[in-house]
Number of protein chains: 2
Amino acid sequence: MEPEKEKSAPRNKDIRSLTLDTALDLFSIRGYFSTSVHHIQKQAGVSIGSIYHHFKNKEGIAKALYDDLVKQMGQSMTKIMASEETTENRLKAVFAHLFELTETSPNVMQYILYARHREFMPDEIPICSSRPFAIIREMVREGIEKGEVRQMDLTVASASLMGGAIRLIYLRLDGVLEKPVTFYLDEIWECCWKSVAP
Amino acid sequence: MEPEKEKSAPRNKDIRSLTLDTALDLFSIRGYFSTSVHHIQKQAGVSIGSIYHHFKNKEGIAKALYDDLVKQMGQSMTKIMASEETTENRLKAVFAHLFELTETSPNVMQYILYARHREFMPDEIPICSSRPFAIIREMVREGIEKGEVRQMDLTVASASLMGGAIRLIYLRLDGVLEKPVTFYLDEIWECCWKSVAP
DNA sequence: GTCTATACTCAGATAGAC
DNA sequence: GTCTATCTGAGTATAGAC
């Protein structure tokens, strides 16, 4: 019995999704430049013609994928923003979400964080200016306003808060951390929060 | 003593150095994959044949460049390690050095930090495991041992200490920070140090 | 809409003269 | 050691049948 490649429940797993899933897989493992459209075509089990019917070109695949993932992450951040009240709880939830995602979908994390997007998507804004990061920044801004975070430059505060966590995620993606990054969640959170606490 | 040459008599500017300087320039601006050997050849004003005489292939250029820069940074770290006594002063000096380098030689920082080396130098260890980072880690380890840094997991402590600074450097390289990163040195240092202080 | 076959470009690498 | 000229293959993208 085939795994859910072709025949599964959401029947017609359309070519667009199939292409994007495969592209994410290959881009995050081999990198964008080392992945040819032929690789994607072969692994996805669809034809080159179909891919070029759905996407303008290879960059179009990367862009669509990036937009999807950033949008998805933006939604997660918005949800956290709405469901938590204090700055501390909000950011703790952000940490937990990012760490969880790193373990469950390292590909996604790899592609969002690690790819040098500007190298193959010249018009894209840097990831740190994208919506998800803007929401985090807004959390910090509110925190400073309400006195839950020390009075200081907003950019420095955000960098200080997220820096350690992102660092650990990179280490995990690089295979340097032996244990899941979630294992270190409480410890790194304590550090990061201390760095900006009033 | 000149820190650069070891074997051959340094001429005006030999082809090896010329090639590496040009490669650094192009790699950091356009990226490795968007830079062809022809670009390097043209901008450096030397012939393709000469380049291939000095380097095995394109990857060899990237590798030689990387090794040079990492070695250089390792020496800076060693020097700091030797010239400062306390953990706090050592790490403060590391911050200052990295920030200074970001402003004076953004290309170097860009190439060391930002290039996805594993994508085109598969055998290379991740930068975070390289010598310069190992020395920083050793500073932190000693700090914990001597009680100058809170008792905690060494990797978490290092990530927490360096995370914010590296984050700011990335922001600067991405053109997100309007002011020089050195401007934020004291503020981010205070954050990072607080995050691991006993 | 999906497919196969193929055209075209260009980067990486080599040969061999000087 | 340095150069010019050239080869080869990979990879993007298109044409056109079904």
Side-chain angles (χ1 to χ4, degrees), chain A residues 2 5-8 10-27 29-66 115-117 119-123, chain B residues 4-66 115-117 119-123:
Chain A
E2 287 285 317
K5 263 281 161 65
E6 307 270 88
K7 292 190 59 180
S8 210
R11 177 125 159 70
N12 215 349
K13 173 95 176 169
D14 61 44
I15 288 193
R16 186 192 144 88
S17 311
L18 208 50
T19 303
L20 289 180
D21 288 352
T22 308
L24 171 60
D25 199 43
L26 290 169
F27 287 170
I29 292 172
R30 315 175 41 122
Y32 175 82
F33 290 101
S34 303
T35 299
S36 72
V37 180
H38 288 283
H39 288 137
I40 299 173
Q41 171 251 317
K42 195 177 158 193
Q43 181 162 326
V46 300
S47 73
I48 278 248
S50 294
I51 291 180
Y52 276 97
H53 177 76
H54 287 273
F55 302 94
K56 180 163 171 286
N57 51 26
K58 185 181 170 186
E59 188 183 321
I61 302 174
K63 180 97 170 60
L65 182 57
Y66 183 71
R116 292 241 37 217
H117 301 110
E119 202 168 329
F120 54 89
M121 302 187 308
D123 298 334
Chain B
E4 310 206 321
K5 285 291 141 22
E6 41 216 347
K7 304 183 78 175
S8 57
R11 293 229 186 88
N12 286 2
K13 187 76 170 172
D14 60 41
I15 288 194
R16 186 193 143 90
S17 310
L18 208 50
T19 303
L20 289 181
D21 288 352
T22 309
L24 171 60
D25 198 44
L26 290 170
F27 287 169
S28 59
I29 292 171
R30 315 176 42 121
Y32 175 80
F33 291 102
S34 303
T35 300
S36 71
V37 179
H38 290 280
H39 288 138
I40 300 173
Q41 171 251 318
K42 194 176 160 194
Q43 180 163 326
V46 299
S47 71
I48 282 251
S50 294
I51 291 181
Y52 275 98
H53 179 260
H54 287 272
F55 302 95
K56 181 164 170 284
N57 51 26
K58 185 181 170 186
E59 189 182 320
I61 302 174
K63 180 100 170 58
L65 181 58
Y66 182 71
R116 292 240 36 217
H117 301 110
E119 203 167 328
F120 53 89
M121 302 187 308
D123 298 335

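Values reported hereafter were calculated over all heavy atoms of this structure, with side chains retained and with hydrogens, waters and symmetry mates removed. Proteins get letters first, then strands, A, B, ... in listed order; numbering begins at 1 in each.
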If I take atom [atom1] in residue [X] and atom [atom2] in nucleotide [N], what distance separates them, rounded to the nearest angstrom?
X: B/Phe33; N: C/dG12; atom1: CZ; atom2: P; value: 10 Å
X: A/Arg16; N: C/dG1; atom1: CZ; atom2: C1'; value: 16 Å
X: A/Ile51; N: D/dT14; atom1: CD1; atom2: C1'; value: 14 Å
X: A/Lys42; N: C/dC3; atom1: NZ; atom2: P; value: 16 Å
X: B/Ile15; N: D/dC3; atom1: CD1; atom2: C1'; value: 9 Å
X: B/Phe55; N: C/dG12; atom1: CZ; atom2: P; value: 15 Å
X: B/His39; N: C/dC10; atom1: NE2; atom2: P; value: 10 Å
X: B/Ile61; N: C/dA11; atom1: CD1; atom2: P; value: 14 Å

Closest heavy-atom pair and its distance - [X], [Y]:
X: B/Ala23; Y: B/Ile61; value: CB-CG2, 3.7 Å
X: A/Ile51; Y: A/Thr19; value: CG1-OG1, 4.0 Å
X: A/Phe33; Y: B/Glu119; value: N-OE2, 3.7 Å

Within 45° of the axis and under 6.0 Å from the centre of the six-membered ring of B/Tyr32, does NZ or CZ of B/Lys58 qualify?
->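 Yes; both conditions hold, so B/Lys58 lies above the ring face of B/Tyr32.
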
Across the strands shown, which category fits A/Ser47 at heavy-atom distances under 4.0 angstrom: base, sugar-phosphate, nothing?
->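 Answer is base: heavy atoms of A/Ser47 come under 4.0 Å of a base.
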
Looking across every strand, which nucleic acid part, if any, lies under 4.0 Å from A/Ser50 by heavy atom: base, sugar-phosphate, or nothing?
->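 A/Ser50: base contact, heavy atoms under 4.0 Å.
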
Flag for A/Asp25-A/Thr22: side-chain donor and acceptor within less than 3.5 Å |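 No pair is found: no donor N or O on one side chain lies under 3.5 Å from an acceptor on the other.
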
Do we see a donor-acceptor contact under 3.5 Å between the side chains of A/His39 and A/Ser36?
->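 A/Ser36 and A/His39 do have a side-chain donor-acceptor pair below 3.5 Å.
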
OP1 or OP2 of C/dT2 less than 4.0 angstrom from a side-chain nitrogen or oxygen of A/His54, does that happen here?
->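 Yes, within the criterion.
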
Sugar-phosphate or base contact per nucleotide [nucleotides 13-18 of chain C; S, B, -; heavy atom under 4.0 Å] | BB----

Distance in Å, B/His54 NE2 paired with B/Arg16 CZ, rounded so as to fall on 0.5 Å steps |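 Separation between the atoms: 9.5 Å.
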
